[in-house]
Amino acid sequence: MLITRFFKIIKDGFLKTFNFSGLERRAGYMVFVVFQVAWFCLYLQLFAMKSGEIAFVPLLLFILPLLACGSRRINDAGYSRGVFILLLIAPYLLFPFLAFPASVARK
């Protein structure tokens, strides 16, 4: 049950790659970021170290969904859209500010 929920969160994260205006809950954001970091580290270890370069497609599969998920989390946490610039500059420094505040109550 829990595993299927994780897979659903990850699948939804990739399907919403070009949706920067929706909402993303805390749990979904944290699960997706941890998954993205884990698979990208695995990719770097298994494939990129052998050739010494990172391919363009895996890099896009890492960056675009992560930015979209962060943007949706910014919306859900109630932060200003200007915080998105910080997400572009230092996404992992912004992680605690996006992972821990509760979602803003909406009508």
Side-chain angles (χ1 to χ4, degrees):
M1 184 68 144
L2 188 62
I3 299 296
T4 58
R5 185 170 177 213
F6 285 151
F7 282 128
K8 183 182 180 327
I9 290 171
I10 292 166
K11 181 185 79 166
D12 288 344
F14 282 112
L15 290 176
K16 295 178 184 177
T17 296
F18 298 105
N19 179 9
F20 288 84
S21 62
L23 301 175
E24 188 73 45
R25 299 288 179 197
R26 276 189 296 191
Y29 174 73
M30 290 193 315
V31 166
F32 192 71
V33 168
V34 168
F35 171 77
Q36 285 288 80
V37 169
W39 87 256
F40 198 69
C41 287
L42 185 67
Y43 166 77
L44 290 175
Q45 181 69 31
L46 296 177
F47 299 107
M49 287 188 67
K50 294 177 184 174
S51 64
E53 61 186 40
I54 299 173
F56 185 69
V57 172
L59 189 62
L60 283 180
L61 286 174
F62 177 69
I63 291 175
L64 289 178
L66 199 59
L67 287 177
C69 187
S71 175
R72 290 190 305 271
R73 181 64 193 142
I74 288 170
N75 294 339
D76 193 44
Y79 292 128
S80 159
R81 294 297 292 174
V83 175
F84 187 74
I85 295 171
L86 291 175
L87 187 66
L88 292 173
I89 296 170
Y92 296 109
L93 293 177
L94 196 59
F95 179 74
F97 297 103
L98 295 178
F100 297 114
S103 301
V104 173
R106 301 214 185 334
K107 292 181 182 179

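Every heavy atom of this structure was used, including side-chain atoms; hydrogens, water molecules and symmetry mates were not.
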Taking the side chain as every heavy atom from C-beta outward, state whether [X] and [Y] have any atom pair closer than 4.5 Å.
X   : Y   : result
F35 : F40 : no
W39 : F62 : yes
F7  : T4  : no

If only atom types and distance count, is the side chain of [X] paired as donor or acceptor with the main-chain N or O of [Y] below 3.5 Å?
X   : Y   : result
Y43 : L59 : no
Q36 : L61 : yes
N75 : G22 : yes

*Scan side-chain atoms only and decide if R25 and S103 contain a donor-acceptor pair under the 3.5 Å cut-off.*
yes

_Show the nearest heavy-atom pair for residues L87 and L67, with the distance to one decimal._
CD2-O, 3.8 Å

*Where do P65 and G13 come nearest, in terms of heavy atoms and distance?*
CB-O, 4.1 Å

*asked:* Taking R73 first and then E24, would you say they form a salt bridge - that is, a charged N and a carboxylate O separated by under 4.0 Å?
replied: no

*Determine, for R72 against D76, whether the closest basic-nitrogen to carboxylate-oxygen distance falls under 4.0 angstrom.*
no

*Indicate, with yes or no, if L98 and V104 share a hydrophobic cluster defined by side-chain heavy-atom contacts under 4.5 Å among Ile, Leu, Val, Met, Phe, Trp and Tyr.*
no

_Who clusters with L60? Use side-chain heavy atoms, under 4.5 angstrom, across I, L, V, M, F, W and Y, and order the result by chain and number._
F18, F56, L64

*Within a reach of under 6.0 Å around CZ of F84, are more than 12 heavy atoms found that belong to other residues, nucleotides or ligands?*
yes

